[in-house]
Amino acid sequence: MTDIVWHQHEIDQAARGRQKNQNPVLLWFTGLSGSGKSTLAGALEHALFEAGFHTYLLDGDNVRHGLCKDLGFSLDDRDENLRRVGEVAKLMVDAGLVVLSAFISPTRAERERVRGLFPEGKFIEVHVSTPLSVCESRDPKGLYAKARKGEIANFTGISSPYEDPDAAELTIDTSKGDLATQVQALVDYLSALQVIDGEKMVAGLGI
Ligand SMILES: Nc1ncnc2c1ncn2[C@@H]1O[C@H](COP(=O)(O)OS(=O)(=O)O)[C@@H](OP(=O)(O)O)[C@H]1O
Ligand SMILES: Nc1ncnc2c1ncn2[C@@H]1O[C@H](COP(=O)(O)OP(=O)(O)O)[C@@H](O)[C@H]1O
């Protein structure tokens, strides 16, 4: 590795962001299975896309069909899953995009490692803090029932740990309030940070 030297290209992240009228960042949604990560990230992406912003949503279930299909759910495999996703997200932010990611990402160390890939302010951690009891009662994929019966090993919240973030930029419990209000809170945060120009958002957010 010592013989490999970084090549600084002329077109950089700031230039790509300017071209797209946005300030590229990574919004990292973390929380239990069924907490609402994909729903929230998907609704926010929809609202941003409708307003003309340039986005990409990286979703755990989807990434595990390709880039990470060789990985399971041991803590080591999750670590490698999130290492790869962090690096891919970094490239996408560098490409000028507002990147959203929806991964359980159960440990503080994994999330802090991804945060460490970005300058201050570019990694926005969103803790989807919906309680385990609510996630388990939703059980949209029937996975909690299988985990309780011992048919799935290492299931987050049941037989594998989830560590709550200490200092997430935002915390959203989807068992309270409605989706439109939650998405509006995210949009307001991005506008305040000048990631996007909030004036461009379409009324109703497309929800
Ligand atoms: N053992 C176990 N534990 C947790 N989740 C499981 C497991 N097995 C399969 N699934 C399904 O995989 C989705 C989570 O994948 P992630 O890549 O987000 O997980 S991780 O960040 O690497 O921990 C998760 O998706 P979400 O429900 O969208 O969170 C589950 O559908
Ligand atoms: N903001 C929300 N408000 C109310 N219910 C929600 C919300 N987001 C998700 N849900 C419910 O929770 C279930 C799981 O959501 P999902 O986004 O798939 O979670 P995750 O990606 O964290 O596994 C959905 O099928 C839906 O019924």
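Just so you know, these numbers use all the heavy atoms, side chains as well, and skip hydrogens, waters and symmetry mates. Just so it is clear, the structure is predicted and the values come from calculations on it, not from any experiment. Start at 1 and go down the list; that is how both ligands and their atoms are numbered.
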Best match, [options]: closest heavy atom to [atom]:
atom: atom 9 (C) of ligand 1; options: F73, F155, Y144; value: F73
atom: atom 5 (N) of ligand 1; options: I104, T30, L75; value: I104
atom: atom 20 (P) of ligand 2; options: G177, G34, G42; value: G34

For [atom], what's the nearest protein heavy atom and its distance?
atom: atom 16 (P) of ligand 1; answer: R64 NE, 3.6 Å
atom: atom 27 (O) of ligand 1; answer: S33 OG, 2.6 Å
atom: atom 26 (P) of ligand 1; answer: K141 NZ, 3.3 Å
atom: atom 19 (O) of ligand 2; answer: G36 N, 3.0 Å
atom: atom 25 (O) of ligand 2; answer: P140 CB, 4.0 Å
atom: atom 4 (C) of ligand 2; answer: T174 O, 3.5 Å
atom: atom 23 (O) of ligand 1; answer: R78 NH1, 2.8 Å
atom: atom 22 (O) of ligand 1; answer: N81 ND2, 2.8 Å
atom: atom 21 (O) of ligand 1; answer: S105 N, 2.8 Å

So if I count the atoms of ligand 1 from 1 in the order they appear, which ones are less than 4.0 Å from some heavy atom of [X]?
X: G34; result: 27 (O)
X: N154; result: 1 (N), 2 (C), 3 (N)
X: K37; result: 29 (O)
X: A153; result: 1 (N)
X: L82; result: 21 (O)
X: T156; result: 3 (N), 4 (C)
X: I152; result: 1 (N)

Check: Does one side chain, of Y162 or T30, offer a donor that lies under 3.5 Å from an acceptor on the other?
Finding: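 Checked: Y162/T30 side chains pair up, N/O donor to acceptor below 3.5 Å.
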
Notebook entry, point to check: Taking atom types as modelled and ignoring hydrogens, do the side chains of K200 and Q22 form a donor-acceptor contact shorter than 3.5 angstrom?
Noted result: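 There is no such pair between these side chains.
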
Next item on the list: Have a look at ligand 2 and work out which part of L32, if any, has a heavy atom under 4.0 Å from it: side chain, backbone, both or neither.
Entry: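 Contact part for L32 vs ligand 2: backbone (N, CA, C, O).
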
Note to self: Applying a heavy-atom cut-off of 4.0 Å, say which part of R138 lies close to ligand 2: side chain, backbone, both or neither.
What the structure shows: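 Just the side chain.
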
Notebook entry, point to check: Which heavy atom of D79 sits nearest a heavy atom of E110, and at what distance?
Noted result: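 For D79 versus E110, the nearest heavy atoms are OD1-CG, 3.0 Å.
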
Note to self: Please give me the minimum heavy-atom distance between S35 and V128, naming the atom from each residue.
What the structure shows: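 Answer, listing the atom of S35 first, then V128: O-CG1, 3.3 Å.
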
Checklist line | Whether over 12 other heavy atoms sit under 6.0 Å from Y56 OH | finding: no

Is it true that a side-chain atom of [X] and a backbone atom of [Y] form a donor plus acceptor pair closer than 3.5 Å?
X: Q182; Y: K176; result: yes
X: Y144; Y: I158; result: no
X: Q194; Y: N23; result: no
X: S133; Y: P131; result: no
X: K37; Y: L32; result: yes

Output yes when [X] and [Y] qualify as a salt bridge under the 4.0 Å nitrogen-oxygen rule, no when they do not.
X: R108; Y: E125; value: no
X: E87; Y: K90; value: no
X: R148; Y: D139; value: no

Notebook entry, point to check: Are there protein heavy-atom neighbours of atom 9 (C) of ligand 2 below 4.0 Å?
Noted result: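 Within 4.0 Å of atom 9 (C) of ligand 2, protein heavy atoms are found.
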
Check: Within the structure, does at least one protein heavy atom fall under 4.0 Å of atom 27 (O) of ligand 2?
Finding: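 No, because not a single protein heavy atom sits under 4.0 Å from atom 27 (O) of ligand 2.
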
Interfacing atoms of ligand 2 (cut-off 4.0 Å, heavy-atom, [X]):
X: T39; answer: 8 (N), 9 (C), 15 (O), 16 (P), 17 (O)
X: Q182; answer: 1 (N), 2 (C)
X: S33; answer: 23 (O)
X: L179; answer: 1 (N)

Check: What residue among L71, V85, D70 forms side-chain contact (heavy atoms from CB on, under 4.5 Å) with E80?
Finding: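 It is L71; the other options fail the test.
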
Next item on the list: Could you check T156, T107, N154 and say which one makes a side chain to side chain donor-acceptor pair (under 3.5 Å) with R78?
Entry: T156

Check: L97, V187: one ILVMFWY side-chain cluster at the under-4.5 Å cut-off?
Finding: no

Note to self: Please work out, at 4.0 Å between heavy atoms, whether the side chain, the backbone, both, or neither of L143 comes within that distance of ligand 1.
What the structure shows: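 Side chain only.
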
Notebook entry, point to check: Is it the side chain (CB and beyond), the backbone, both or neither of D61 that lies under 4.0 Å from ligand 1, heavy atoms counted?
Noted result: side chain

Notebook entry, point to check: Closer than 4.0 angstrom: is that true for some heavy atom of S35 and an atom of ligand 2?
Noted result: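 Heavy atoms of S35 do come under 4.0 Å of ligand 2.
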
Check: Going through the checks in order, is the side chain to side chain contact (heavy atoms under 4.5 Å, CB included) test met by D164 and S129?
Finding: CA-CA 8 Å; D164 284 342; S129 64; over 6 Å; no

